[in-house]
Amino acid sequence: MNKKLLRSVREYKRQSFLTPVLVALEVLMEVMIPLLMANIIDDGITKGDMDYIIRVGLLLILMAIIALFFGAKAGQLAAIASAGYAKNLRHDIFYKVQDFSFGNIDHFSTSGLVTRLTTDITNVQMAYMFTIRLLARAPIMIILSLIMTMTISVPIALILLVTIPVLGGVLIWIAKKAHPHFIAVFDEYDVLNNTVQENVNAARVVKAYVREDYENQKFGKISTKVFNLFTKAEKIVAWNSPIMQFTVYAVVLIMVLLGGKSIIRGTMQTGELTSVIVYAIQILSSLMMVTFVFVQIMIAEASTDRISEVLDEVPEMIDKEDALKDVPSGDIDFEHVDFSYSGEGGNLSLKDVNLHIKSGQIVGVIGGTGSAKSTLVQLIPRLYDVTGGCVKVGGIDVRKYNLKALRDQVAVVLQKNVLFTGSIYENVRWGDENASDEEVQRVCKLAQADSFIQEFPNKYETMIVEGGNNVSGGQKQRLCIARALLKKPKILILDDSTSAVDTKTDALIRQAFREEIPDTTKIIIAQRISSVEDADMIIVMDNGEINGIGTSEELLKTNAIYREVYESQVKGGADNE
């Protein structure tokens with residue numbers, strides 16, 4: 001087991017420690033039982049001593065009950081310890097992911113993280129339970145049974161001493177042969193989960209384009225690949241049982257042969273031979289148990305590596321001890337900013353950007369697809385960190401702020417709007433969980449969402465289904481804008497967040513911004529000129545650089561890109577009327 005992962009055992013250390021202790025006591029009772037059975041046969045049944053049979057029989061029953069108690073208690077504690085360990089691992093991974101920047105999250109696929117939190121942790125949980133229970137049981141059982149066998153018959157004990165390493169080596173070799181196939185399965189699980197997730201999330205698109213057959217074929221291929229990998233592994237592991245059975249029967253036959261001769265010679269009694277056979281079966285069964293656990297540990301090893309990848313990922317953004325918690329204003333400054341998604345040495349998405357925005361200004365950002373509009377604004381709340389230069393908010397480098405304090409004052413409505421399962425009240429209160437009903441309704445009015453909410457039978461108590469699929473794109477955008485407004489931020493960023501609303505509603509939203517939150521800096525990324533035409537300043541982006549800055553009137557005179565977009569939209573629209 002990975003030492004780093006074992007730190008997650010935490011409050012379940014007591015159960016983890018007591019489990020092997022109870023298992024040892026259980027094994028001690030089980031090892032004594034064959035000896036008592038031999039005494040019943042040799043000293044009770046053979047001599048016809050009924051009192052002795054009853055006394056030893058009662059002791060046998062008592063020991064069996066004690067063994068049952070220790071075994072049941074060990075199983076209970078092992079289940080608690082392993083389930084608690086898994087719970088803590090999920091907690092640690094999930095909380096670690098919460099500290100990730102967008103750059104960290106980009107290292108892992110969504111389906112990969114889901115697989116780590118589910119299948120991989122389940123594998124580790126099972127391996128941990130088997131380790132503290134079965135793996136603790138097997139060596140103790142082998143050693144004690146071997147000692148008891150030696151006290152009865154040294155030749156038979158020597159047979160077992162030879163059999164144990166040979167059989168153990170064969171079974172471990174089988175487990176190692178299967179290991180690569182188990183490792184390969186988990187990478188395919190990521191692909192399988194990703195296929196299912198994409199299909200479910202895009203169910204409407206799949207049906208709209210009648211692509212069910214294609215999706216079924218795609219799922220069938222990856223599902224068959226997982227099946228084939230598991231089949232290959234299980235075909236190898238399947239040799240465990242027949243080899244084990246053959247060895248047990250062969251050893252028992254040899255023992256019967258040797259024991260029978262000893263009984264005839266009078267050097268061994270029938271009960272002793274019976275107990276020796278039981279000890280041999282216990283030893284060989286324990287070996288089988290060891291290999292079973294070994295297979296589980298190897299499966300878990302692949303999962304352990306994948307879990308460790310997440311836990312070892314170093315968050316790109318960590319608050320300093322003296323991090324500032326007060327954002328003085330909504331002023332924004334970009335000073336010689338370079339940015340690459342690949343880090344130092346990578347292709348630059350932003351190149352030497354210099355920009356100064358005063359608090360309370362309305363700033364429009366336009367540009368073609370891939371011009372780095374979204375990248376530009378994502379640096380303000382430190383969703384990513386600059387590669388070169390610096391971004392300042394309120395005159396202070398954003399890297400000096402406490403992340404929570406900064407992001408509380410910079411509300412971002414991203415291109416991909418996400419709503420969560422719950423009522424409209426609950427969704428909007430993501431902006432401020434303590435907001436009153438009146439405050440929620442007020443921001444919904446500002447975002448022009450109140451009108452359609454009032455049309456729902458349950459109004460603000462209307463439940464939003466997963467992903468917000470029971471509201472339209474424009475309604476979803478307006479709810480997300482309301483959620484951002486509830487934060488009462490110093491900076492509000494709308495990343496193409498009104499693209500699904502009509503021009504009249506768009507204009508009403510912008511009017512509400514200007515009248516109701518005049519001191520908030522508002523940055524609006526848009527494809528429509530009408531959405532930014534009345535902005536105090538418009539930024540034209542092109543290939544990661546600022547191509548022009550000014551008002552609409554100024555850019556019409558000085559910027560070819562803006563003039564081309566303006567004429568294609570405004571004049572083109574007029575010509576078509």
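Not measured: the values here are computed from a predicted model. All residue numbers refer to positions in the sequence shown, counting from 1.
Interatomic distance, T551 OG1 to D534 CG, rounded to the nearest 0.5 Å: 11.5 Å. Atom CG of L555 sits about 10.5 Å away from atom CE of M537, to the nearest 0.5 Å. Between the CG atom of L379 and the CG atom of L350 there is a distance of 6.0 Å, given to the nearest 0.5 Å. Going from atom CD of Q477 over to atom OG of S472 covers 8.5 Å, rounded to the nearest 0.5 Å. Here D305 contributes atom CG and R116 contributes atom CZ; the two are 10.0 Å apart, rounded to the nearest 0.5 Å. Taking CD1 of I132 as the reference point, atom CG of L77 lies at 8.5 Å (rounded to 0.5 Å).
Inter-residue side-chain proximity for K487 and D432 is flagged as unmet; no heavy-atom pair is nearer than 4.5 Å. In this structure, V365 and V540 have side chains that are not in contact, with every pair of non-hydrogen atoms separated by 4.5 Å or more. Counting only heavy atoms from C-beta outward, the side chains of P489 and V410 never approach each other to under 4.5 Å. Taking the side chain as every heavy atom from C-beta outward, F334 and V337 approach each other to under 4.5 Å. Proximity of E212 to V210: side-chain heavy atoms (C-beta onward) are separated by under 4.5 Å at one or more points. Residues I529 and Y562 form a side-chain contact, since some pair of their non-hydrogen atoms from C-beta on lies under 4.5 Å apart. Residues N88 and V9 are not in side-chain contact: their nearest non-hydrogen atoms beyond the backbone lie 4.5 Å or more apart. Counting heavy atoms from C-beta outward, E564 and N559 have side chains that stay 4.5 Å or more apart.
Between the side chains of Y425 and Q441, a donor-acceptor pair is found at a separation under 3.5 Å. Between the side chains of Y341 and T375, a donor-acceptor pair is found at a separation under 3.5 Å.
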Is there a side chain to side chain contact (heavy atoms under 4.5 Å, CB included) between V532 and I362? Walk through the geometry before answering. CA-CA 9 Å; V532 298; I362 298 177; over 6 Å; no

Given the rule in the side chain to side chain contact (heavy atoms under 4.5 Å, CB included) test, do L479 and N427 qualify, once you have shown the distances and angles that lead to the verdict? CA-CA 8 Å; L479 288 173; N427 268 277; over 6 Å; no

Could you walk me through whether D495 and S374 pass the side chain to side chain donor-acceptor pair (under 3.5 Å) check? CA-CA 7 Å; D495 188 353; S374 296; 2.7 Å; yes

Take N123 and S303 through the side chain to side chain donor-acceptor pair (under 3.5 Å) test and state the conclusion after the steps. CA-CA 7 Å; N123 290 334; S303 295; 3.1 Å; yes

Does S16 form a side chain to side chain donor-acceptor pair (under 3.5 Å) with Y85? I'd like the steps, not just the answer. CA-CA 10 Å; S16 300; Y85 176 39; over 6 Å; no

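With S308 as the fixed residue, the side chain to side chain contact (heavy atoms under 4.5 Å, CB included) test singles out one of V310, T304, L311: T304. For the side chain to side chain contact (heavy atoms under 4.5 Å, CB included) test with V440, the passing option among R429, E426, K445 is R429; the others fail. Checked against L492 for a side chain to side chain contact (heavy atoms under 4.5 Å, CB included), the options I523, I524, I517 give a single hit: I517.
Without hydrogens or angle criteria, R483 side chain to W430 main chain gives no donor-acceptor distance under 3.5 Å. Distance alone, capped at 3.5 Å, is enough to place a donor-acceptor pair between the K373 side chain and the G368 backbone. Counting only distance, with no hydrogens or angles, the side chain of E515 and the backbone of A512 share no donor-acceptor pair below 3.5 Å. A side-chain donor-acceptor contact under 3.5 Å links R478 to the backbone of G474. Of the possible donor and acceptor atoms, none in the side chain of Q409 sits under 3.5 Å from a partner among the backbone N and O of L406. Counting only distance, with no hydrogens or angles, the side chain of N547 and the backbone of D542 share no donor-acceptor pair below 3.5 Å. The backbone N or O of G388 sits nowhere less than 3.5 Å from a side-chain atom of D338 that would complete a donor-acceptor pair. In this structure, E439 contributes its side chain and S436 its backbone to a donor-acceptor pair below 3.5 Å. Between the side chain of R563 and the backbone N or O of L556, at least one donor-acceptor pair lies under 3.5 Å.
Here R528 does not pair with E533 in a salt bridge; the nearest charged N to carboxylate O distance is not below 4.0 Å. A salt bridge between K96 and D92 is absent, with no side-chain N of the basic residue lying under 4.0 Å from a carboxylate O of the acidic one. Between D385 and R382, at least one side-chain N (NZ, or NE/NH1/NH2) sits under 4.0 Å from a carboxylate O, which counts as a salt bridge. A salt bridge between D331 and K490 is absent, with no side-chain N of the basic residue lying under 4.0 Å from a carboxylate O of the acidic one. A salt bridge links K87 with E11; the closest basic N to acidic carboxylate O contact falls under 4.0 Å. Taking the charged nitrogens against the carboxylate oxygens, K218 and E215 do have a contact shorter than 4.0 Å, which makes a salt bridge. The pair R399-D397 meets the salt-bridge criterion, since a charged nitrogen lies less than 4.0 angstrom from a carboxylate oxygen.
Looking at every heavy atom in both residues, T503 comes nearest to S530 through CG2-OG, 4.3 Å. Counting all heavy atoms, side chain and backbone alike, N354 lies closest to I549 at O-CD1, 4.4 Å. Heavy atoms only, all atoms of each residue included: A323 and Y401 are closest at CB-C, 3.9 Å. Smallest separation of non-hydrogen atoms from L5 and I307: CD2-CG2, 4.1 Å. Residues L348 and S340 come closest through the heavy atom pair CD2-CB, 4.0 Å. The nearest pair of heavy atoms linking T521 to G360 is OG1-N, 3.1 Å.
Around NZ of K400, the count of heavy atoms belonging to other residues, nucleotides or ligands within 6.0 Å does not exceed 12.
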Identify all side-chain donor-acceptor contacts of residues 456-465 below 3.5 Å with residues at least two apart in sequence or on another chain.
{"residue": "Y460", "atom": "OH", "partner": "D450", "partner atom": "OD1", "Å": "2.5"}
{"residue": "T462", "atom": "OG1", "partner": "K459", "partner atom": "N", "Å": "3.4"}
{"residue": "T462", "atom": "OG1", "partner": "K459", "partner atom": "O", "Å": "2.6"}

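The cationic group of R510 does not satisfy the cation-pi geometry with F513, failing either the under 6.0 Å distance to the six-membered ring centre or the 45° limit from the ring axis.
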